[in-house]
Structures are given as C-alpha cells and as structure tokens.
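Working notes, beginning with the structure itself.
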Amino acid sequence: MLKISKKVQDALANNIPVVALESTIISHGMPYPKNVETALMVEQVIIDNGAVPATIGIIDGDLVVGMDHDEIEEFGKRKGILKASRRDLPVVMANKEWAATTVATTMIIAKMAGIEVFVTGGIGGVHRGAPETFDISADLQELAKTNVTVVCAGAKAILDLPLTLEYLETMGVPVLGYKTKELPAFYTPNSGLNLDYALKDEKNAAEIIKEKRSNKILDGGILICVPIPKEYAMDKKTIDDAIEASLKKADELGIKGKDTTPFLLKNIVELTGGDSLESNIKLILNNAKVGAGIAREYSKLNKV
Ligand code: PSU
Ligand code: MN
C-alpha cells in the first residue's frame, strides 16, 4: 500500500537528500488556495536547497510518498478529506479513503519509506487544560518511538508549552533549538522556556541524528525547533489575544478531539485578519530551508 513516486525512489536509492512533508497542514491547517500555494512553495524551497520533497498523504487508502502537483491541489480543495493520526491509519487504508496525514502519521509513513528528515510548521502537543481533558496530541507519542527527525517552529501557544516540553522529556525525545536555547513559540521566536541544547548548524544536527540512529537502544524521533525569523514574527499581544479568544470560543462551542486544532488555527487566522497565516507561511518556508540543509548534511555523513 506504500506508493513512492519515482523521483523519491531514485533519490532514496542514490543517497540524495529527501525531505518529507505532511498534508494535514494543507487540508486542515490553512484555507484554499493559500494552502496549495504554500505547499508548492515549500517543495520549491526544498528543491532550491538541494533536496527532494516528498509530500505525504493517503489517496484511496494508498500511502502516497511524493505527491504530484495535481494531488497537492486535490488535498487543498477537496471536501471531506479525513484527518488521519496513528489510530485512523488501518481504517482509512481498509476503507480506501482520502486522508491527510498529521505529524504522527507522516512520521510513520516517512519511516516506512526510509526518509529521515520531515519538515512541518508546528507539532501537536499537550493542550491547555489537558490535566482535565486528557487532550495530548498523538504526535508526542510518535516522536517517542518513531525514527524520524521533525523540523518545526516549536509548538503554538494554543498548547500548554511547559507541559509539552515536560512530556517530551519524559518520553526521551531530544528537543534541539536551531541556534537558540529557547523554545520558539511558532508565531514568535520566544516562549520564555529553556532548551538544554542549541544546534550550531545543520551539520551539528546531522551528527546528532547519526549518533541516535547508530544505537538501536536510542530508537525514537528528534525534534528540531527553528525560531520564526524576527521580521516575520507576530506581535506577542496580538497573537496571544487571538489565541485566548479562540480557545474560549472552542470551549463555548464544545469543540473536541481531532477537530480542536483545525478549529483553533482557522479562528486565529480570522481574528488576525490573515496576519497569522502570513507568519505561518513564512516560518514553514524558513523551516524548509533548514530541513533541506539538515537532510543534505545527513546524506553526506552516510556516504560510504
Ligand atoms: N500545528 C500547527 N499547524 C498544523 C497542525 C499543528 O501549527 O497544521 C496539524 C499537524 O498536522 C499536527 C496536527 O500533527 O495538527 C495535530 O493535531 P492534534 O492536535 O489533533 O493531534
Ligand atoms: Mn487531541
């Protein structure tokens, strides 16, 4: 059921760097047509930085690795595309559904295909109020066990960032800041939360990945957090207010489970008049550049 595009297959066979990309951000994370434009721009940044993009999603139950442009367009505009996390995988495969892959599912499929580096915007995490609701994204469990490196801009302040970091620590996931020792907060470079390690550069990241992969006992993901470039960051008060208002609205409407994250993202875009979407796009493009660089350095280390 794994369908890897010819380009991605050739790259993997020849130790050419490949970068995996998710599709939930396309189908459930941004409005059409910006979602498609962004997905295509991200692919182009990866190509311009010397790697091969592999956008991942589920089409008629097949696990597609390396969507073409028409497929990306479909994920952007088709109605009724499901959001598949780990628990949904067997169902959407057996029922031959179209489903967008979350960070968790994209990691699983990237691992199946043999892709180490995966670039996204933000990961799921421990939601605010989780001590009551138990709402903790399956992304965190996946980071604990699946051998893929995820490059992101931290986690959004819709989440409980201190608890998200605690959870990752408990699960043994290395959380590495890209040239920073502070956890970035997605729309802003600063969260006020310390990280233990700052990566010097892309090569340093590749060395750490290589070390972890050469020790079976250290199986699991790695999280690399790249701060949004200052010039694209949002004003902290503006974004915090939009987040607060969106959380309140979700609560009033009784939004739960897998609908929570897409609802909050959409609401924040509306409340900021599209500004948060622009920041979101800029940070992903930046992550793509860093991720491609890490994939390139990692390929170099794996040359025999
Ligand atoms: N965070 C974002 N943008 C996104 C997502 C998270 O800033 O698009 C998506 C990712 O696909 C992530 C998923 O894996 O939401 C997490 O959903 P949940 O909280 O239901 O696990
Ligand atoms: Mn959840």
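Just so it is clear, the structure is predicted and the values come from calculations on it, not from any experiment. Atoms within a ligand are numbered from 1 in the order they appear, just like the ligands themselves.
- Checking only distances, D139 does come within under 3.5 Å of ligand 1, N or O to N or O.
- Shown in contact with H127 at under 4.0 Å from a heavy atom are these atoms of ligand 1, numbered in order with element: 19 (O).
- For atom 7 (O) of ligand 1, the nearest protein heavy atom (residue, atom name, distance) is K156 NZ, 2.2 Å.
- A salt bridge does not link D259 to K256: none of the charged side-chain nitrogens sits closer than 4.0 Å to a carboxylate oxygen.
- Set against the non-hydrogen atoms of K83, the atoms of ligand 1 under 4.0 Å away are 17 (O), 18 (P), 20 (O).
- Close N/O approach between G29 and ligand 1 is not found [any backbone or side-chain N/O within under 3.5 Å].
- Shown here is Y32, whose OH atom has more than 12 heavy atoms of other residues, nucleotides or ligands within 6.0 Å.
- Checked by distance only, ligand 1 and G122 come closer than 3.5 Å through their nitrogen or oxygen atoms.
- Near I25, the atoms of ligand 1 lying under 4.0 angstrom from a non-hydrogen atom of the residue are 8 (O).
- The F186 neighbourhood of ligand 1 comprises atoms 7 (O), with distances under 4.0 Å to a heavy atom of that residue.
- In this structure a side-chain-to-backbone donor-acceptor pair under 3.5 Å is present from Q9 to I4.
- Summarising the local packing, CD of E252 is surrounded by more than 12 heavy atoms from other residues, nucleotides or ligands at distances under 6.0 Å.
- Contacts with ligand 1 closer than 4.0 Å are made by side-chain heavy atoms of E22 only, the backbone lying farther away.
- The environment of CD in E211 is sparse: at most 12 heavy-atom neighbours from other residues, nucleotides or ligands sit within 6.0 Å.
- Put simply, the side chain of I109 does not reach to within 4.5 Å of the side chain of I115, judged on heavy atoms.
- In terms of protein heavy-atom proximity, atom 21 (O) of ligand 1 is closest to S137 OG, 2.7 Å.
- Looking at T261 against ligand 1, only its side chain comes within 4.0 Å, counting heavy atoms.
- D160 and R128 are not joined by a salt bridge, as no carboxylate oxygen comes within less than 4.0 angstrom of a charged side-chain nitrogen.
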For T105 and T102: C-alpha separation, side-chain torsions, deciding distance, then whether side chain to side chain donor-acceptor pair (under 3.5 Å) applies. CA-CA 5 Å; T105 328; T102 62; 3.1 Å; yes
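- Atom OD1 is the N, O or S atom of D135 at the shortest distance from the Mn ion (ligand 2).
- For atom 9 (C) of ligand 1, the nearest protein heavy atom (residue, atom name, distance) is T24 CG2, 4.0 Å.
- Looking at E202 and R296, no side-chain N of the basic residue comes within less than 4.0 Å of a carboxylate O on the acidic one, giving no salt bridge.
- Here is the list of ligand 1 atoms found below 4.0 Å of a heavy atom in L265: 3 (N), 4 (C), 8 (O).
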